[in-house]
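Following: one structure in structure tokens, then a few remarks.
Computed from a predicted model, the values in this text were never measured in an experiment.
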Amino acid sequence: MNPFDYERAADAAGAVTTVTDRPDAVFLAGGTNLVDHLKLGVAEPDLVVDINRLELTEVEALDDGGLRIGAMVRNSDAAADPRIRRDYPMLARALLSGASGQLRNAATMGGNLLQRTRCVYFQDTSTPCNKREPGAGCSAIGGYTRYHAILGASADCVATHPSDMAVALTALDASVVVLGATGERRIPVTELHRLPGDRPEQDTVLEHGELITALELPPPRPGASTYRKIRDRASYAFALVSVAARVDVDTAGRAPVIREAAIALGGVAHKPWRARAAEVVLRGAEPTAETFLAAADAELEAAEPLDGNHFKVQMTRGAVCTVLAELTGAPEALPESTTSSAGIDHGGHS
């Protein structure tokens, strides 16, 4: 670990000014990601600005019926908040799916959004990695790719985003409140993270020195929602595939019809992946196994699996169909092609 300067911020504006003025400065929140990177030599800042004493720790009701969650609210506290459990169950379940209880007690809502990939090559400084050192090359291409992307990757990076929480926030159409040197702005979570393109070192659209101060959830929407995570073991593992979904079914007519659907996928792309193509297929359709399969296939039409992760296409198809059947009460019997090789799920329920 390289030596660095340390400062404790007294207020958000001061923290922003300090980091903005130092090109190699970083914020320290829960430290569950940054401290690992300091130890590994992945991150080598010259200044660490501790924001743990900032008063960003409240969950507050908004005038429109939504919620504002301070960026320093701990993951465990957010998951236990009765308003989040009642009105945003997919978020509570996603939070409970992440890491161990001890880590959830330390990790913050703002920091969780900004955690970096767990690609083994990114974390191994002895291997080339475009995300860690632009222009060095991507060791994952042609390497170990079990956990890597099948959607939205590029020739420069095939890593995936590790956050469970961010997938749920993507499906919820949440926003982040960001404070920078020029003032405050709001960014939809769907637009916060970037696909790698030829600049995989840039995880988000944030400028240097911008600080997430809060997350804002829209008012609760009708329908049933959940979060399902498929992983190699039942705990302490990152998602191979995850699905956050909300479905609202109109049962007033002769046959039920899907009024609205929101789906986001995790473990399959460089950012939480909003399944827009699947949503288009679902809207106005009957909730049947065939409809669910058509929706999943529409989203996966653009999939480009690597030599070591072809199974993720089938796993994603099966996960989407299973979650949609669960939320709509439709029969779970699916066409034979969706009987997935992956029945290793069990991701957290609140």
Side-chain angles (χ1 to χ4, degrees), residues 29-30 32-33 51-52 54-115 161-178 186-190 192-193 212-229 231 235 238-239 242-248 260-266 272 274 323 326-327 345-350:
T32 58
N33 196 202
I51 60 173
N52 276 281
L54 301 188
E55 296 182 358
L56 304 173
T57 58
E58 298 298 321
V59 180
E60 304 169 294
L62 295 172
D63 291 341
D64 66 359
L67 282 183
R68 179 184 173 101
I69 306 171
M72 295 302 295
V73 172
R74 305 295 162 166
N75 285 183
S76 54
D77 291 333
D81 187 282
R83 293 162 294 183
I84 293 175
R85 291 173 63 89
R86 181 190 66 226
D87 297 332
Y88 309 95
M90 75 163 76
L91 177 56
R93 292 175 179 180
L95 287 164
L96 292 171
S97 294
S100 64
Q102 293 92 331
L103 287 174
R104 293 196 298 270
N105 287 341
T108 64
M109 297 294 283
N112 188 304
L113 275 173
L114 299 180
Q115 62 182 303
H161 194 274
S163 173
D164 294 293
M165 182 193 83
V167 180
L169 291 173
T170 297
L172 286 168
D173 290 313
S175 297
V176 293
V177 183
V178 175
R186 281 168 172 75
I187 306 171
V189 170
T190 53
L192 175 66
H193 301 95
I212 294 177
T213 58
L215 290 70
E216 292 185 344
L217 305 180
R221 293 172 182 166
S225 70
T226 194
Y227 179 81
R228 181 178 291 266
K229 179 178 182 179
R231 44 192 165 179
S235 63
F238 294 99
S242 66
V243 180
R246 176 185 59 84
V247 182
D248 179 29
E260 188 59 46
I263 302 173
L265 306 175
R274 186 64 183 261
V323 165
E326 174 188 336
L327 293 177
D345 163 46
H346 312 297
H349 290 270
S350 57

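Annotation: the span from R246 atom CZ to T226 atom OG1 amounts to 13.5 Å, rounded to 0.5 Å. To the nearest 0.5 Å, atom CG of residue L95 and atom CD1 of residue I84 are 7.0 Å apart. In this structure, CG on L169 lies 8.0 Å from CG on N112, to the nearest 0.5 angstrom. For the atom pair E60 CD and E216 CD, the distance stands at 10.0 Å (nearest 0.5 Å). For the atom pair CG (D87) and OG (S225), the distance works out to 10.0 Å, reported to the nearest 0.5 Å.
Taking both residues in full, the closest heavy atoms of Y88 and G66 are given as OH-CA, 3.7 Å, listed atom of the first, atom of the second, then distance. The heavy-atom pair separating A94 from A168 by the smallest distance is CB-CB, 3.8 Å. Between G266 and V167 the shortest heavy-atom distance is CA-CG2, 3.6 Å. Across P188 and S175, no two heavy atoms sit closer than the pair CA-OG, 4.0 Å. The two residues A80 and R85 make their nearest non-hydrogen contact at O-CD, 3.7 Å. Closest approach of R231 and F238 over heavy atoms only: CB-O, 3.7 Å.
Residues in residues 164-177 take part in these salt bridge (Lys or Arg N to Asp or Glu O under 4.0 Å) pairs, two or more places apart or across chains: D164-K229, D173-R221, D173-R274. Pairs engaging residues 71-82 under the salt bridge (Lys or Arg N to Asp or Glu O under 4.0 Å) rule: D81-R83 [sequence neighbours left out].
The salt bridge (Lys or Arg N to Asp or Glu O under 4.0 Å) check on E58 picks up nothing, with sequence neighbours excluded. Under the rule for a side-chain hydrogen bond (donor to acceptor under 3.5 Å, both in side chains), the partners of E260 that lie at least two apart in sequence or sit in another chain are R283. Residues passing the side-chain contact (heavy atoms from CB on, under 4.5 Å) test with L56, sequence neighbours excluded: L54, M72, T213.
Counting only heavy atoms from C-beta outward, the side chains of L217 and L91 approach each other to under 4.5 Å. By the 4.5 Å heavy-atom criterion applied to side chains, M165 and L215 are counted as neighbours.
Between the H193 side chain and the L113 main chain, a donor and an acceptor come within less than 3.5 Å of each other.
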- Message: Quick one, V243 with L265, criterion side-chain contact (heavy atoms from CB on, under 4.5 Å). Give me CA distance, side-chain angles, the key distance, then yes/no.
- Response: CA-CA 5 Å; V243 180; L265 306 175; 3.9 Å; yes
Donor-acceptor list for residues 100-109 side chains, cut-off 3.5 Å, not counting sequence neighbours:
from : atom 1 : to   : atom 2 : distance (Å)
S100 : OG     : Q102 : OE1    : 3.4
S100 : OG     : L103 : N      : 3.3
R104 : NH1    : L96  : O      : 3.3
R104 : NH1    : G98  : O      : 3.2
R104 : NH1    : A99  : O      : 3.1
N105 : OD1    : S76  : OG     : 2.8
N105 : ND2    : G101 : O      : 3.4
T108 : OG1    : G111 : N      : 3.0

